[in-house]
Amino acid sequence: MESVVWQGLALSGIFSWIVITCYFDVTKKIRSLLQPWVSHHVVSGTSIILKIQKHQHKFLDALFSGLSCIVSVPFYTAFLPLLFWSGHGKLARQMTLLMALCDYLGNCIKDVVSAPRPNCPPVRRITATKDEEENALEYGLPSSHTLNTVCLSGIYLGMHSLIDIIGGLVFGFMILAIWLSVHEYVDAFIVSGQNVTSFWAALSFLLLFAYPTPEFPTPSFEYHTAFDGVVFGIVTGIQQTYHQFHHEAVPRIFTSQLTIPTFLGRMLVGIPTILIVKFCSKALAKWILPVVSNTLGIPIKSTSYVPMLNGSATDKKSSEIKQSSYIHKMLFFSQQDLFDVDTGIRFLQYAGLAWSVVDLVPSLFSHLSL
């Protein structure tokens, strides 16, 4: 009973925050206070970046670009499944939750403040991968790379100003301190709590609406949606299969129970499987979500995933859309006339991928004696 009470209080608190921030336009008020101050420090810190970049060298370009990739979303997408399959389930799920928390809070702050990155030129911005090019479209404060790793590698690349790095350090240590005080309670809830799946589904849904609207569109919300889906898939799978595949006595790599050849076999089976599940989850979501939305009378659009929704839905008059359904009226706090179905598609495809990492693939390992 106590568990149900705190779950209800947590969800009610988030919902209340969404309503309050929308009604009083809290995001814009905070931005008007912080953005000028941060922008001033970004400009004034440009000279420091230029001094650092005078020591340009191809080796340093490759080194810091590599370090930057290590804390990117694609890296964790590839690394975390291997950690689960190597027998370090508790470490893997806690890393997943911590990274999702850092990603959500860091990107929320970015889009609330909406502070610019250092101007290029005069700063030389190095983007070695497509992922880094997309990251460059985000706002600067705080530095996600610094926040995620509490380390310094973004000044040299021209991606962040000094105040971004300092902000990343401060917020990184704050989030880490909070996480260290609650992580055991969160883990215990996931593996043995009540109403875990339903609570996390509601939490994931509310967090999508609780995300602040930036001054101009950036990829930050897309990254959060992906991590939100990953966490939901991990939590759902772990809660269902903990005693089968993820308890503390499972075989771990570099032991006689899980040898290197066996682990390589797991990789050969697991990686193609999760990629297939991701593809299938995306395809199903692209088919199901528009049908469900139309059935419920929720007006939708699609930025990229469903081409036929790019134009027809957006041509509707706002007054007609607002009277479309009772469900849409309940979502008044979103301040949107059209809901981007790509958000739901992205959430479901990453949820499916993560679920397969901790549920479907370990089941295959069991059947194949891996």
Side-chain angles (χ1 to χ4, degrees), residues 69-100 131 183-184 186-194 196-198 200-201 204 225-288 345-370:
C69 290
I70 288 175
V71 292
S72 65
V73 172
F75 173 81
Y76 284 107
T77 302
F79 173 72
L80 289 174
L82 301 183
L83 199 57
F84 275 107
W85 302 337
S86 68
H88 297 84
K90 184 174 183 179
L91 175 62
R93 61 179 176 266
Q94 293 203 351
M95 281 188 64
T96 303
L97 291 169
L98 179 57
M99 288 306 303
D131 182 64
H183 71 98
E184 290 293 348
V186 174
D187 194 64
F189 171 68
I190 291 172
V191 302
S192 60
Q194 298 178 338
V196 176
T197 301
S198 57
W200 219 278
S204 300
T225 303
F227 251 121
D228 197 15
V230 166
V231 172
F232 178 69
I234 293 293
V235 168
T236 302
I238 291 291
Q239 206 272 334
Q240 295 174 342
T241 63
Y242 173 75
H243 294 290
Q244 293 174 272
F245 308 124
H246 304 289
H247 53 87
E248 292 301 306
V250 297
R252 295 189 175 182
I253 195 171
F254 303 125
T255 65
S256 58
Q257 295 176 305
L258 182 55
T259 61
I260 296 295
T262 302
F263 181 70
L264 293 176
R266 288 187 171 192
M267 292 176 59
L268 291 174
V269 171
I271 292 177
T273 301
I274 65 175
L275 293 177
I276 291 171
V277 170
K278 181 186 176 184
F279 174 83
C280 294
S281 298
K282 181 179 179 179
L284 286 172
K286 287 170 63 176
W287 173 62
I288 293 174
I345 294 171
R346 186 174 294 108
F347 176 87
L348 290 177
Q349 71 167 318
Y350 280 95
L353 180 149
W355 166 81
S356 68
V357 168
V358 296
D359 193 331
L360 175 61
V361 171
S363 297
L364 292 177
F365 294 163
S366 179
H367 287 297
L368 297 173
S369 300
L370 289 175

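Side chain of R266 to backbone of L370: a donor-acceptor contact under 3.5 angstrom is found. T236 places no side-chain N or O within 3.5 Å of a backbone atom of G233 that could act as its donor or acceptor partner. For the pair T241 (side chain) and V358 (backbone), a donor-acceptor distance under 3.5 Å is present.
Side-chain contact between D228 and S204 is present, with at least one heavy-atom pair separated by less than 4.5 Å. No side-chain heavy atom of W355 sits under 4.5 Å from any side-chain heavy atom of I234. Contact of the M267 side chain with the L264 side chain is registered, since non-hydrogen atoms from C-beta on lie closer than 4.5 Å. The side-chain heavy atoms of T255 and L258, taken from C-beta on, include a pair separated by under 4.5 Å.
Separating the OG1 atom in T96 from the CG atom in L80 is a distance of 4.0 Å, to the nearest 0.5 Å. Note that the CD atom of E184 and the NZ atom of K90 stand 3.5 Å from one another [nearest 0.5 Å]. Separation of atoms CG (L275) and CD1 (I271) is listed at 7.5 Å; rounding is to 0.5 Å. In this structure, I253 CD1 and T259 OG1 are separated by 8.5 Å, a value rounded to the nearest 0.5 Å. Rounded to the nearest 0.5 Å, atoms OG (S192) and NE2 (H243) are 7.0 Å apart. With rounding to the nearest 0.5 Å, the separation of CZ in F227 from CZ in R346 is 14.0 Å.
Considering every non-hydrogen atom in both R252 and G87, the closest pair reads NE-O, 3.3 Å. Taking every heavy atom of both residues into account, I190 and W200 meet most closely at CG1-CZ3, 4.3 Å. Residues S281 and G352 come closest through the heavy atom pair OG-CA, 3.6 Å. The minimum heavy-atom distance linking K278 with Y350 is given by the pair NZ-OH, 3.5 Å. Between V357 and P362, the shortest heavy-atom contact is O-CD, 3.2 Å. Annotation for V191 and I238: closest pair CG1-CG2, 4.1 Å, computed over non-hydrogen atoms.
Between H246 and F84, the ring-plane angle classifies as perpendicular under the 30° and 60° cut-offs.
Taking the six-membered ring for Trp and the full ring otherwise, F365 and F245 have centroids separated by 6.0 Å or more.
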